[in-house]
Protein chains: 2
Amino acid sequence: METKTPKSAETRARIQNVAVELFARNGYRGTTMRSIAAASGLSLGNAYYYFPSKEALVRDLARGLVDEQVRAARPRLRSGNNLRDNIQVVFDAALDALAPFHECGTVLLRAAIGNDEASDVSRAKEFALWRQAVAASLPQPPAAIRGDLPELLWLVQRGLVIFWAYDGSPDAERSRRLAANAASLMARLAVLSRLPVVRHIVDDVIGVVRNVESDRPKMGS
Amino acid sequence: METKTPKSAETRARIQNVAVELFARNGYRGTTMRSIAAASGLSLGNAYYYFPSKEALVRDLARGLVDEQVRAARPRLRSGNNLRDNIQVVFDAALDALAPFHECGTVLLRAAIGNDEASDVSRAKEFALWRQAVAASLPQPPAAIRGDLPELLWLVQRGLVIFWAYDGSPDAERSRRLAANAASLMARLAVLSRLPVVRHIVDDVIGVVRNVESDRPKMGS
DNA sequence: ACAGGTTTTTAAACTTGTTCAAAACCGGAT
DNA sequence: ATCCGGTTTTGAACAAGTTTAAAAACCTGT
């Protein structure tokens, strides 16, 4: 169902390129399907032949953002940063990748939160990134929490993205500030999780999240 | 700028009543401005004379939800429940009030998160409710956290509402589950906050939130 | 009662996302 | 060359949010 024809794939790609350009320049509302079609040298209906809706179009574009985040973050995780810095790196990479799409905030959220196959893939990629961020930090966080930390950080990132989506401050500076503060906080929390009380609380939080998040109907009939 | 004429106010109210009816019956997408106007016995343009947009209309309706939540919750807080139960009461009241508007999720969020004068009022009402929920619980939470607990709970509620907005499960049962779990968790956390470590973490979280949330440009040029 | 202004109402347009039936195109089998 | 089935493209239409110019209704002071 992917590429019927080489030309078809090329046209599809052209639409996406034009779209990302126009979205970045004129925002989500400011970019009309008609303008995308026109700038791609196609008729309106033709764009709809390739993408069933405007939302689907940006959703497809959003898929690429995760890869961009990973590309930007991974090289900066190599060295033995401390945990706080590594968290910050990943946060920054996320906000950088999202920046051009600020106006599509809620559409992106539906894409990110949605539970179809494609977002499972994205989730997996982000998870891997967080695992690496934790693994690459010196000193290593306490063993007790090392396993759950990536999940926890991934969760905090999701919160950050939601905040960003509704953040109206210029250049999303409030989101930047939140990212910096949250990075410090989480690093400190990781250290403290050596204490059983703290550890229990973290466990509870993770438990709540798992319980609520987990009953997504997996593939099958 | 509020009510130019008694009749004007009456018409405005009629639109709102009809709208809440139609939204509840046919959902957000299923309710058109034209249908609202028609059911109100007005012309389309006339509805727009009273409300600058469909979003603004539901935003205004959303304002009333806070009052409904308070009305529903307050009587059930009277007795000396324990903290967990009181938290649950307020959560449930929120989800009950929101229920008919599930389809307007993101629109409501923009309204709730937006930082204009009107949402300041709503915030204040919710805050008062949470203060009462804490004050009415037996045993009282540790003095150290009693002051900040309402703010913290308010924050968790906001998270719950965001989750609800994107919750596609039937009858928002996942949100209900989250509410129950979060209520337990927060109650336990309150008790634990007697311990200095926990208290410090809570302080940090509140600090982050305050720092990020507080620089809303208040009135004045 | 009436002129002058303000508020309310209307009808018609405009915009933009989306759909659809018909046409144009293309590569292979006859 | 011609027909065929599938793919791509088009142009027109529709639906619903939004805007607007002008008419109608209303008020108020004379």
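All values derive from a computational prediction rather than experimental measurement. The chains referred to below are lettered A, B, ... by the order of the sequence lines, with proteins before strands, and numbering in each begins at 1.
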[X] [atom1] to [N] [atom2], straight-line distance once rounded to whole Å:
X	N	atom1	atom2	answer
A:Lys54	C:dT19	NZ	C1'	17 Å
A:Tyr48	D:dA12	OH	C1'	15 Å
B:Leu57	D:dT18	CG	P	10 Å
B:Asn46	D:dA25	CG	C1'	12 Å
B:Arg12	C:dT8	CZ	P	11 Å
B:Leu44	C:dT9	CG	C1'	12 Å

ask   = Among residues 15-39 of chain A, which contact DNA chain D at a heavy-atom distance under 4.0 Å?
value =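 Heavy-atom cutoff 4.0 Å gives A:Arg34.
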key: cation_pi(A:Lys54, A:Tyr28) dist<6.0 Å, angle<=45   =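 Judged by the rule, A:Lys54 and A:Tyr28 form a cation-pi pair.
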task = Of all the heavy-atom pairs spanning A:Gln157 and A:Val90, show the shortest one and how long it is.
result =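 Looking at all heavy atoms of both residues, the closest pair is OE1-CG1, 3.9 Å.
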request  = Just do the ring-ring contact (aromatic ring centres under 6.0 Å, His included) check on A:Trp154 and A:Phe91 with the steps written out, would you?
outcome  = CA-CA 10 Å; A:Trp154 174 83; A:Phe91 280 168; over 10 Å; no
Side-chain N or O of B:Ser8 closer than 4.0 Å to phosphate OP1/OP2 of C:dT8 =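 So the side-chain polar atoms of B:Ser8 do come within 4.0 Å of the phosphate oxygens OP1 or OP2 of C:dT8, strictly under.
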ask   = Counting only heavy atoms not in A:Asp203, do more than 12 sit closer than 6.0 Å to its CG atom?
value =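 Enclosed: over 12 neighbouring heavy atoms sit under 6.0 Å from CG of A:Asp203.
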inquiry  = More than 12 heavy atoms of other residues, nucleotides or ligands under 6.0 Å from CG of A:Asp171: yes or no?
reply    =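 Open.
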query = At under 4.0 Å between heavy atoms, what does A:Tyr50 touch on the DNA or RNA strands: base, sugar-phosphate, or nothing?
reply =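 Contact class for A:Tyr50: sugar-phosphate only.
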query = Of all the choices, D:dT10, D:dG17, D:dT7, which nucleotide is nearest to the side chain of A:Tyr49 once you look at every atom?
reply =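 Closest nucleotide to the A:Tyr49 side chain: D:dT7.
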task = Kindly point out which of D:dT8, C:dT10, D:dT18 is positioned nearest to the side chain of B:Leu42?
result =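 Output: C:dT10.
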message = Can a donor-acceptor pair be found, under 3.5 Å and without considering hydrogens, that links the side chain of B:Arg14 to the backbone of B:Ser40?
response =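 Side chain of B:Arg14 to backbone of B:Ser40: a pair is present.
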